[in-house]
Each structure stands twice: as C-alpha cells, then as structure tokens.
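Labels below follow one simple rule: chain letters A, B, ... track the order of the sequence lines, proteins then strands, and each chain is numbered from 1.
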Amino acid sequence: MATTLPEGVSSSDFDQAIREIRKIVGDEWVFLDSDLNPYLDHMSAVPPEYRTPSAALAPANVEETQAILKIANRFNLPLWTYGNGKNWAYGGPTPLHAGYLVLDLKRMNRVLEVNEESGYVLVEPGVSYFQLYQHLQDTGSNLWIDCAAPGWGGVIGNALEHGAGYTPYADHYVMSCGMEVLLADGSLVRTGMGAMPGSKAWQQFKYGYGPTLDGMFTQGNFGIVTKMGFWMMPKPPAYKPFMFSYENESDLHAIMEILRPLKMNMVWQNGAVGEHIGYSASVLGPRSDFTNDRAPITAERWKEIAHDLNLGIWNFYGACYGLPANVEMQFGALKGAMTSIPGARVWLEGDREPNDAGWNYRAKLMQGIPNMTEFNLVNWDGGGHLNFSPMGPMGGDHAVKLYNMMKEVTNGHGFDHLTEIVGTFRGFIALTMVMFDPRDEDAAKRADACSVDIIQKAAAAGYGELKANLRYMNTVMGSYTGNDSGLHKVNQKIKDALDPQGILSPGKSDIWPSSWKHSRAN
Amino acid sequence: MDKLISTIGLALLLGSVALPGTAEERPRSGEESWYLFCEGCHRPDAEGPGAVMLQRRYGDERMAIKGSTTLAPEYITHVVRNGLLEMAPLRPTDITDAELDLLIDFLATPANPVD
Ligand SMILES: Cc1cc2nc3c(=O)[nH]c(=O)nc-3n(C[C@H](O)[C@H](O)[C@H](O)COP(=O)(O)OP(=O)(O)OC[C@H]3O[C@@H](n4cnc5c(N)ncnc54)[C@H](O)[C@@H]3O)c2cc1C
C-alpha cells in the first residue's frame with residue numbers, strides 16, 4: 001500500500017517526523033502501511049481509500065502527546081484525534097482526508113478517580129463504557145454509568161460529540177464537569193475550577209471564573225481533551241422500565257402531544273425512545289428475515305411485521321427512577337396519559353418473551369449496563385450505515401412533518417425508513433438511518449445522495465442536524481448560515497487564533513484555519 | 001425511605017476512591033479482552049449481533065465463536081485486524097498482538113466447562 005502523505009508535506013519530512021515520533025512513543029505504537037487496515041472505514045458511502053491515513057500514532061500520556069505536537073508543528077502534520085475511534089455511522093476511525101495522521105488516544109485509558117461522595121469520575125480519553133462499568137463493578141461502587149448504545153464507545157469521545165445515553169443522566173456533555181485540554185501549541189489548560197491550583201471542586205462545579213470554555217472543545221478542533229470529569233447517577237432504590245406500544249403510524253401526533261408536558265415537567269425522567277417498527281425489527285435480525293423484495297418495505301408490510309413480533313408500529317421505551325412509592329405514583333401518571341390513545345398497550349418487566357433482545361437491551365441501557373445489541377442494526381443490509389439526527393421542537397405537528405419527510409426521502413432513494421423518535425426535555429430527535437450494502441456501488445451512490453438530501457430538506461424546513469458523518473460535515477455546517485454565517489466565521493477566527501497551522505483535526509465540523517486554502521471537499 | 005438512607009449511607013462510607021495515576025497492566029487476559037471487545041457482539045444469543053449474523057449465514061453450529069474448535073487462529077487474527085463484512089476491525093491499541101494471542105487461547109476453551 002503506497003503511503004498517502006499529508007498535503008504539502010514532502011516524503012523526506014514525513015519520514016523524518018516519523019523517525020522522531022518513534023523515539024517518543026516507541027516503534028510498536030506507530031502504524032504505517034498495511035498496519036493501518038484497522039484504521040479504515042468499510043461502512044460508509046465512500047470507499048476506505050478515500051480516507052486512508054498516512055500513519056497512526058498512539059501516545060501513552062500527556063507528555064508524549066505534547067512531544068508529538070511539537071513535531072507536528074515543525075513539519076505541518078495534521079493530526080486527527082480520537083479516544084476510542086468507534087464513531088461508526090459518522091466515519092468510524094478514519095480521518096477527514098487521506099494523508100492525515102491519526103492520533104489514537106486509546107492507550108490513555110486510566111480511570112483516575114471515582115468519588116462516591118460527590119458522585120463523579122475523572123477519566124482519560126481511552127476509557128470505554130465497558131471498561132468504566134467493569135471498574136465500578138469491581139470496586140463495589142454504588143454509582144451507575146450512563147452509556148450510549150454501543151458499549152465499546154468512549155466516555156469522553158461520545159460526550160465530545162454531544163452523544164447521549166438512556167438514564168436521566170443521558171446528556172453526556174451536560175453531565176460532564178471539568179476538562180483538561182492540550183492546545184495545538186502544546187500548552188495545557190484546565191477548565192472551570194480546575195484552573196485554580198489546589199482547587200477542591202473541579203468535578204463539582206463546572207464554571208470556575210470567567211467565560212466557560214468547555215463547550216468550545218466539543219464537536220470541533222480547538223484542543224485535545226486529555227481528562228474529563230463526569231457526574232454519575234447514584235443507583236436509585238427503585239428502577240422500573242416500561243414500554244408503550246401503539247397500533248397506528250398516525251398515532252405519532254397524539255403521542256408527541258401527550259409526551260410534551262410529561263417531558264417538560266420531568267414526569268418522564270429519561271429520554272422517551274420511540275422506535276418505529278422498522279427500528280424495532282432491525283434490532284432483531286437482518287433485512288432478509290423480513291423480506292426478499294429489494295423495494296423499500298411498505299406501510300402494509302410493517303404492519304404485518306409488527307403483528308408477527310407482537311409489537312406496535314410505535315414502541316416507546318422509558319423508565320422511572322427513585323423511591324419505590326414515587327416510582328409507582330409516577331408510573332401511574334405516565335400510564336394514565338400514555339394509554340389514553342386507543343389501542344395503546346403497556347409492557348413491563350416480565351411481559352415480553354425472556355429472549356426478546358429488543359426489550360432486554362433497552363432495560364439494560366436504561367440502567368447503564370453497557371452492551372452491543374443495537375449493532376444488530378448494522379446487519380440490516382450488508383453493513384453500510386449512516387446516521388442522521390434532525391432536531392425538532394417537541395410536539396405532534398413537527399414530529400409528523402419530520403417523520404413523513406424522512407420517509408419520503410429515504411424511500412425515494414430506495415431505502416427502508418428506519419427511524420427512532422427520541423423525546424428530550426424540550427425537543428425531539430428524528431434519528432434516521434440509511435442502511436446499505438457498501439460493496440454495491442449503486443447502493444453506496446444512492447446512500448450518499450440520500451444523505452445530502454436528508455440534511456438539506458430537513459434544514460430547509462428548519463430542522464438542523466446535531467452531528468455529522470465526516471462526509472457531510474460541510475453540508476451540515478452549510479445549513480448553519482444565519483447572520484452571514486456568523487457562527488461559522490467565529491469558529492474560523494478561533495481556529496486561526498489557537499491553531500493557525502491547522503495541526504488539530506483540520507476540517508472537523510468544517511472548521512479550517514485560513515492558512516488552509518486546499519482540501520475543502522469532504 | 002429506609003432504602004434511600006441506606007443507599008446514601010453506603011455512598012458516604014465508601015467515600016472517595018482516588019486511584020494513583022498508574023498505567024493499566026498489559027497484556028490483558030484473554031477473558032478481559034473478550035469482555036471489552038467481543039462478548040457484546042458474540043454472546044451466543046439474539047442480543048449478540050455477531051452471533052445472530054453467523055447463525056443466519058451458517059446455522060446454529062457456527063453461531064458461537066467462544067468454544068469453537070473449528071476457527072483457525074490465523075483466521076481469527078485476520079478477521080479481528082481487517083473486519084469481516086458487518087464486523088469492524090479492532091486495533092492494536094484495543095488489543096495488542098500479544099493480547100490477541102491470549103484471546104485466541106481463551107476462545108478455544110469450551111464455552112461451558114463441564115463441572
Ligand atoms: C448502531 C449504533 C448505535 C449508536 N447509538 C448511539 C447512542 O445511543 N448514543 C450516541 O451518542 N451515539 C450512538 N452511536 C454513535 C457512535 O457509535 C457513538 O457516539 C460512539 O460513542 C462514538 O465513538 P467513540 O465513543 O469511540 O468516540 P471517538 O471516535 O473516540 O470520538 C468521536 C469524535 O470526538 C472527537 N474526540 C474524541 N476524543 C477526543 C479527544 N480526546 N480530544 C479531542 N477530540 C476528541 C473526535 O472528533 C472524534 O472523531 C451509535 C452508532 C451506531 C452505529
């Protein structure tokens with residue numbers, strides 16, 4: 001495999017830089033050529049060669065990372081950073097452009113502190129949900145974690161991407177407290193109270209004094225996060241998972257109207273995860289379990305599938321947490337409201353078949369037990385998968401509008417409409433998945449076109465994406481153009497101030513320093 | 001209420017467990033790598049996406065990779081480092097070559113040892 005060098009870097013400079021980096025991290029933690037195979041993404045709409053890195057580097061600690069930054073500054077090397085690199089559906093472990101160097105922080109995986117008294121942990125970027133969960137189990141902790149559906153994901157990486165889980169602590173960035181960050185020039189910064197020498201409350205209070213910078217280091221490229229604190233939920237005395245199922249596609253409007261005050265008043269404490277039957281089915285088996293027809297699955301067929309699986313067209317999962325009596329009272333209120341729709345059914349622990357993977361993995365996620373079951377989705381149609389999350393305000397009209405729009409777009413490009421409507425405290429996410437066989441060139445091309453269509457049609461109607469696959473970062477940022485692209489411009493100015501050479505993940509969220517006149521296509 | 005108070009009491013008792021910042025000991029055991037990187041997908045039931053896919057493709061006999069006597073070590077290594085269709089690859093920063101060898105040994109031990 002011929003090495004694709006970073007743009008503008010000579011092969012002699014590259015070789016020299018690699019020689020110096022080897023001395024810092026050791027030969028075994030520098031990966032080149034065919035050792036880069038596991039750094040490729042075979043599951044997107046563009047072939048892996050499109051984003052083959054020139055090298056991958058895996059430092060063991062902050063000092064080694066600082067030393068790498070020095071060399072990167074000297075030789076103008078773009079470093080694409082991540083902690084676990086399991087960001088599947090959004091680009092996986094590959095950098096934005098071929099030739100970038102991957103800075104793989106997986107080896108920095110210490111759980112630095114578990115504080116039972118204040119209910120927090122302080123971790124490094126390589127710590128995964130599985131690892132943190134196991135650590136808390138082994139040490140007899142009384143704290144729950146809140147994990148994203150894929151348990152191999154990273155506590156820090158997921159939070160930096162504004163990721164979410166399924167307990168009341170689901171919003172991972174919101175529940176974070178205190179960061180340590182390396183800037184492009186190698187300087188180290190602690191945010192919030194952590195900036196004070198001898199500070200006693202770095203993980204108890206987010207703000208410290210002065211402007212709050214933490215958010216700036218999420219979903220961008222202004223720094224490398226080397227430590228981060230997270231609040232953990234103490235195990236509640238009672239936990240009661242539930243599911244409400246609904247017979248008709250058209251019930252969505254009423255469901256979302258009923259849900260709005262329940263979420264706003266926190267009667268429904270965690271995310272209200274409303275699986276369309278397509279989503280529920282895809283967690284149980286590949287597409288070939290349900291149809292042999294290549295055309296998108298029709299509403300009539302979904303109805304039959306729902307009947308066969310003893311599920312609704314809509315299946316809303318949630319849970320109650322707290323004191324046993326409160327939990328029963330709260331559940332009573334939820335049940336009264338949510339079953340006012342004709343045909344609604346209630347499912348509790350023990351009501352589903354014992355081997356129902358759908359119920360089982362949700363009941364685990366809602367109490368922070370990490371697993372991988374949702375990856376059944378990835379098996380739907382050959383492994384290719386791209387996720388989109390247009391965001392709308394909670395309520396029936398918007399939910400129905402977005403649902404219909406996403407159905408039309410996905411079906412229009414020849415794909416099944418696989419969706420989950422997740423109610424947050426004020427809004428909802430219309431998670432939409434494009435599943436395709438990446439080895440089928442035509443399907444990959446359609447998936448690519450479908451993706452752009454999803455982003456642009458939703459944006460034109462006022463529903464913005466909250467995350468983006470590498471390929472569509474510029475398309476998504478291209479929809480945040482208000483006030484003469486004011487937001488994009490301030491991001492660019494910050495980039496110019498902090499990283500004028502473009503050492504750190506250039507192009508992440510379409511943020512580039514002005515010195516980079518090239519490489520703007522994704 | 002009792003339960004809440006005892007829960008809170010327990011938390012106070014445990015206090016802060018501040019660990020010294022030492023690096024984790026490597027290599028990890030095969031069992032540990034299995035838990036961190038494979039079991040979630042390869043638990044041999046409907047909750048394991050790897051098992052589900054292998055069952056659909058090849059039938060019940062090939063559903064479980066833990067305890068399989070037919071998977072060659074070279075094949076496992078190849079799949080882990082390069083991925084296989086719906087399975088994404090794993091990197092040496094996840095599982096080192098030495099850890100992969102331990103993992104392969106672990107896979108070859110029976111899934112349910114006879115008591
Ligand atoms: C079937 C399926 C289900 C999913 N379910 C969920 C879900 O429930 N919730 C959810 O949130 N996501 C979900 N995802 C998306 C994704 O898998 C997770 O968000 C996953 O946690 C991201 O991978 P990671 O944690 O390894 O992050 P990484 O790949 O390590 O990081 C993600 C990005 O964050 C930045 N970053 C990471 N570490 C650093 C650092 N130290 N310094 C600076 N920048 C950094 C980088 O830009 C990086 O590309 C799902 C995906 C699939 C395919």
Side-chain angles (χ1 to χ4, degrees), chain A residues 28-29 31 35 37-40 42-43 56 58 60-61 85-86 88 92-93 104 106-107 109-119 126 128 130-131 134 139-142 151-152 234-235 237-238 284-286 288-289 323-324 355-357 360-361 370-373 375-376 378-379 382-383, chain B residues 1-24 26 28 32-33 35-43 45-57 78 80-98:
Chain A
E28 63 173 314
W29 300 114
F31 304 100
D35 287 343
N37 282 351
Y39 286 88
L40 302 182
H42 294 268
M43 299 178 183
N61 52 43
K86 302 292 187 282
W88 296 103
D104 175 350
K106 178 63 180 164
R107 289 177 67 214
N109 68 344
R110 291 175 298 172
V111 179
L112 295 167
E113 188 184 358
V114 177
N115 190 306
E116 297 285 333
E117 206 169 46
S118 286
S128 72
F130 278 129
Q131 186 195 340
Q134 192 185 40
T139 53
S141 171
N142 189 50
W152 65 0
K235 178 183 185 334
L284 301 178
S288 51
D289 279 9
L323 297 170
N355 61 355
D356 178 4
N360 291 350
Y361 97 100
N371 60 76
M372 291 296 291
T373 303
F375 257 69
N376 270 316
V378 172
N379 297 341
Chain B
M1 201 61 203
D2 281 1
K3 222 169 171 184
L4 180 65
I5 289 168
S6 67
T7 305
I8 293 169
L10 177 67
L12 289 176
L13 257 175
L14 288 170
S16 171
V17 187
L19 297 173
T22 49
E24 182 198 8
R26 305 279 288 259
R28 288 193 188 104
E32 191 137 338
S33 295
Y35 170 72
L36 291 173
F37 298 106
C38 315
E39 190 189 19
C41 286
H42 283 287
R43 47 175 293 163
D45 62 19
E47 289 176 57
V52 169
M53 209 55 213
L54 290 169
Q55 194 275 340
R56 298 297 196 279
R57 268 192 217 291
H78 181 84
V80 169
R81 290 290 183 239
N82 298 280
L84 177 68
L85 301 170
E86 301 86 354
M87 176 181 152
L90 291 148
R91 292 174 278 282
T93 51
D94 296 320
I95 304 176
T96 61
D97 289 345

> If you count heavy-atom pairs under 4.5 Å with chain B, which of A/Leu284, A/Asp289, A/Val378 comes out on top?
Replying inline: A/Asp289

> Can you list the residues that meet the side-chain contact (heavy atoms from CB on, under 4.5 Å) rule with B/Asp97, with sequence neighbours excluded?
Replying inline: B/Arg81

>> To the closest 0.5 Å, what do you measure between OG1 (A/Thr373) and CG (B/Asp45)?
In response: 7.5 Å

>> Less than 4.5 Å apart, side chain to side chain, heavy atoms only: is that true for B/Leu90 and A/Lys86?
In response: yes

>> Looking at B/Asn82 and A/Asn37, would you say the former's side chain and the latter's main chain have a donor-acceptor pair under 3.5 Å?
In response: no

>> Using 0.5 Å steps for rounding, measure from the CE atom of A/Met43 to the CG atom of B/Leu85.
In response: 8.5 Å

>> If the contact rule is any heavy atom under 4.5 Å from chain A, which residues of residues 50-57 of chain B qualify, in numerical order?
In response: B/Val52, B/Met53, B/Arg56

>> Looking at A/Asp35 and B/Pro92, would you say the former's side chain and the latter's main chain have a donor-acceptor pair under 3.5 Å?
In response: no

>> Between A/Gly85, A/Pro370, A/Ala58, A/Ala56, who has the most heavy-atom pairs with chain B when the cutoff is under 4.5 Å?
In response: A/Gly85

>> Under the rule for salt bridge (Lys or Arg N to Asp or Glu O under 4.0 Å), what residues qualify as partners of B/Glu47, not counting sequence neighbours?
In response: A/Lys364, B/Arg43

> Mind checking what makes ring pair (Phe, Tyr, Trp, His ring centres under 6.0 Å) contact with B/Tyr35, not counting sequence neighbours?
Replying inline: A/Phe130

> Which region of A/Asn355, side chain (C-beta onward) or backbone (N, CA, C, O), has a non-hydrogen atom less than 4.5 Å from a non-hydrogen atom of chain B, or is it both or neither?
Replying inline: backbone

